[in-house]
Amino acid sequence: MALERDWESGQDQERCLAKLHWAVEQLGGNADPDRLGKTAALVIQTMTGPWRFFHTPEHIFEVGESGDAIEVLAALFHDLVYVQVDQGVSVNISGYISAFVKEITGQLVIRGRAELPDDPMFAMVAQLFGFMPEEVLKPAAGQNEFLSALIAAKLLEHSLAAEQIAQVVACIEATIPFRSHSEGLSPSDRLHARLQETNARMGFGWQEEQVCHSVRRSVRLANRDVENFAYPSAADFLDNTWNLLPETNHDLTHANSYTVSGYRTSLQKMEGFMYFLKPELVFQTFQSEPPVEAYQQLIERTQRNLEVARLYLGSKLLSIAVIEALSQRLGQDIPLATMMGELSSHGRAIAQLENFLPQILMTVPPENDVEEDVLSLVEKGRGQASSYDIKNSPVATYMIKSIGFSEARRLLVHAKEFFKGTRTAEAFLAACDRTVVETITNGILQVFESRKVAMRGTVESKV
């Protein structure tokens, strides 16, 4: 496995170097092989950290695909820093930002004016992001993008002109996700104003159309960064969602030891995020980018994917609520594998809860196409399995087929009261369909019994 990862990392470095070399040459810059080689190694080493499951080298290559040289460079650097996922800033890249940023009580803060070096690249990046000395950087408000853009500027300042780096930085700024309008201005409008000011301060000599072109390019790149929200297939959209879960809950990387409550908490956070999100916060627009019809299609697809994701996550939350409530009869922080059986590995036949649930027909037919899609997703599965979870949802399937989506929605309210501690585990189970709870309970008992049988067989064979 280690050799395979090393081989993949080597392939990614070669691919990254090729893109860097192509982009710098396209822009008429200094494509120094040694310098670009070190940059490619730095990018890929950082992007292949142990907690990276979605924000990986493959993602940055996809975001830059079909873009011009500025977009390709911005894509390569835009996710370089991801403090929440990497649990800090890696040693490899910290040297590029330590002169400008410090840590105070666990927060990253831009140094004060007296501490900051006289650095044109830093000043330009801060201007384009609208950040000031002594400003506290916030994870959800551009922290990662700002630091990524700063590193990009420092790494590229020997290869490109300042006005070209400014365009790269503008693209990275545009990838700050899920921002709303402020004082009647969209994120793209605000970027446009900061580009105008940077143009004046730096003396780039851009005409207004050149500024607008930079903003349109930035919007184009930012929309590719989140294009999975508008995938035609909700299953493909959810595959990406499942890759994001272990980036924010590292316990999920231990496939057979994460707890029932830990898994539930991850689902709950993701469901809350899906309800917070509005399609208009996902995709950006500026002037004719993207064209009106294309933008409307992005919004409509995103809206439907969010509706499917909300119901899908709610269905899984309800099923895990039953498992969690039953687990509390054994104790606190029970591993999910204890209740449902371990994930299969190395071709071994392992008793799992799904093997002991009956195959039944849907008692209450889906009322609309969203419910039909979710039923298919829980029964047949997402597009891909993950290392920490199976792609289908046997318990959710059994529950939905038994009680229907309308009753599931009602029970989810009680489940969330149980999660908050305002309803006991037993009170929640009492509110659920008795046959459903008994069937799931008996299935768990059969998982336990299979372990007893296996243990007896092991003991007898040694005697």
Side-chain angles (χ1 to χ4, degrees), residues 235 238 241-242 245 252 255-256 258-268 270-271 309-330 334-344 350-364 366 371 373-382 385-386 388-416 418-419 425-426 428-451:
L238 285 167
T241 301
W242 245 245
L245 287 176
L252 293 181
N256 288 312
Y258 58 79
T259 64
V260 179
S261 61
Y263 180 71
R264 181 263 298 170
T265 300
S266 295
L267 294 182
Q268 210 173 352
M270 187 58 70
E271 190 216 27
R310 291 163 185 164
L311 184 57
Y312 175 77
L313 287 163
S315 301
K316 288 182 71 71
L317 272 173
L318 177 60
S319 66
I320 203 66
V322 173
I323 302 297
E324 184 172 0
L326 290 171
S327 76
Q328 291 193 3
R329 294 175 177 175
L330 301 178
I334 302 299
L336 185 59
T338 298
M339 303 298 292
M340 299 185 65
E342 295 182 354
L343 296 176
S344 298
I350 298 173
Q352 295 175 319
L353 176 55
E354 64 179 293
N355 304 134
F356 305 112
L357 296 177
Q359 299 293 317
I360 63 173
L361 297 175
M362 189 80 183
T363 57
V364 183
E371 291 187 357
D373 274 7
V374 172
L375 177 61
S376 176
L377 283 165
V378 295
E379 184 173 20
K380 298 176 184 176
R382 303 180 304 276
S386 64
Y388 67 92
D389 197 11
I390 58 177
K391 66 179 184 178
N392 63 325
S393 308
V395 180
T397 300
Y398 169 68
M399 291 191 68
I400 295 300
K401 284 189 171 184
S402 297
I403 63 177
F405 282 104
S406 180
E407 175 66 3
R409 289 187 180 94
R410 185 187 74 83
L411 286 176
L412 183 59
V413 176
H414 297 309
K416 290 182 178 180
F418 161 52
F419 298 152
E426 294 303 326
F428 166 65
L429 291 172
C432 297
D433 182 275
R434 182 175 177 179
T435 301
V436 167
V437 173
E438 288 180 351
T439 301
I440 294 172
T441 303
N442 289 333
I444 293 170
L445 289 173
Q446 286 179 280
V447 171
F448 293 169
E449 185 63 31
S450 69
R451 293 186 178 123

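In this chain, residues are counted from 1 in sequence order. Fair warning: this is a prediction, and the values are worked out from it, not measured in the lab.
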Just how far is it from atom CG of Leu412 to atom CG of Leu311, taken to the nearest 0.5 Å? 9.5 Å

Within the 4.5 Å heavy-atom criterion, are Thr397 and Asn392 side-chain neighbours or not? no

Taking all non-hydrogen atoms of both residues, which atom of Ile403 and which atom of Val364 are closest, and how far apart? O-CG2, 4.0 Å

Can you measure from SG (Cys432) to CZ (Arg410) and round to the nearest 0.5 angstrom? 8.5 Å

Might you work through the side chain to side chain contact (heavy atoms under 4.5 Å, CB included) test for Leu429 and Glu426, ending with a clear yes or no? CA-CA 5 Å; Leu429 291 172; Glu426 294 303 326; 4.0 Å; yes

Can you confirm whether Glu324 sits close enough to Phe419 that some side-chain heavy atom of one is under 4.5 Å from a side-chain heavy atom of the other? yes

Over all heavy atoms of both residues, which pair between Ala431 and Leu411 is shortest? Give the atoms and the distance, please. O-CD2, 3.4 Å

I need the Leu377 CG to Lys316 NZ distance, nearest 0.5 Å. 10.0 Å

Donor-acceptor pair, side chain of Arg451 and main chain of Thr338, under 3.5 angstrom: yes

Candidate pair Ile323 and Leu353, rule side chain to side chain contact (heavy atoms under 4.5 Å, CB included), full reasoning: CA-CA 11 Å; Ile323 302 297; Leu353 176 55; 3.8 Å; yes

Check the pair Leu375, Phe405 against side chain to side chain contact (heavy atoms under 4.5 Å, CB included), reporting the backbone distance first and the verdict last. CA-CA 9 Å; Leu375 177 61; Phe405 282 104; 4.2 Å; yes

Closest non-hydrogen contact found for Lys401 with Met362 is CA-SD, 3.5 Å

Can you give me the closest heavy-atom contact between Val436 and Tyr398, atom names plus distance? CA-OH, 3.8 Å

Is the closest side-chain heavy-atom distance between Glu271 and Lys416 below 4.5 Å? yes

Testing Ile444, Val447, Val395 for side-chain contact (heavy atoms from CB on, under 4.5 Å) with Met340, which one passes? Val395

Which distance, rounded to the nearest 0.5 Å, do you find between the CE of Met399 and the CG of Leu357? 11.0 Å

Taking the side chain as everything from C-beta on, heavy atoms only, tell me whether Glu449 gets closer than 4.5 Å to Phe356. no

At their closest point, which heavy atom of Ser402 faces which heavy atom of Thr363, and how far apart are they? O-OG1, 2.9 Å

Got a second to check how far Leu318's CG is from Ile320's CD1, nearest 0.5 Å? 10.5 Å

Closest heavy-atom pair, Leu267 versus Leu317, reported as atoms and distance to 0.1 Å, is CB-CD2, 3.8 Å

List the steps and the verdict of side chain to side chain contact (heavy atoms under 4.5 Å, CB included) for Phe428 and Val322. CA-CA 8 Å; Phe428 166 65; Val322 173; 4.0 Å; yes

If only atom types and distance count, is the side chain of Asn355 paired as donor or acceptor with the main-chain N or O of Gln352 below 3.5 Å? yes

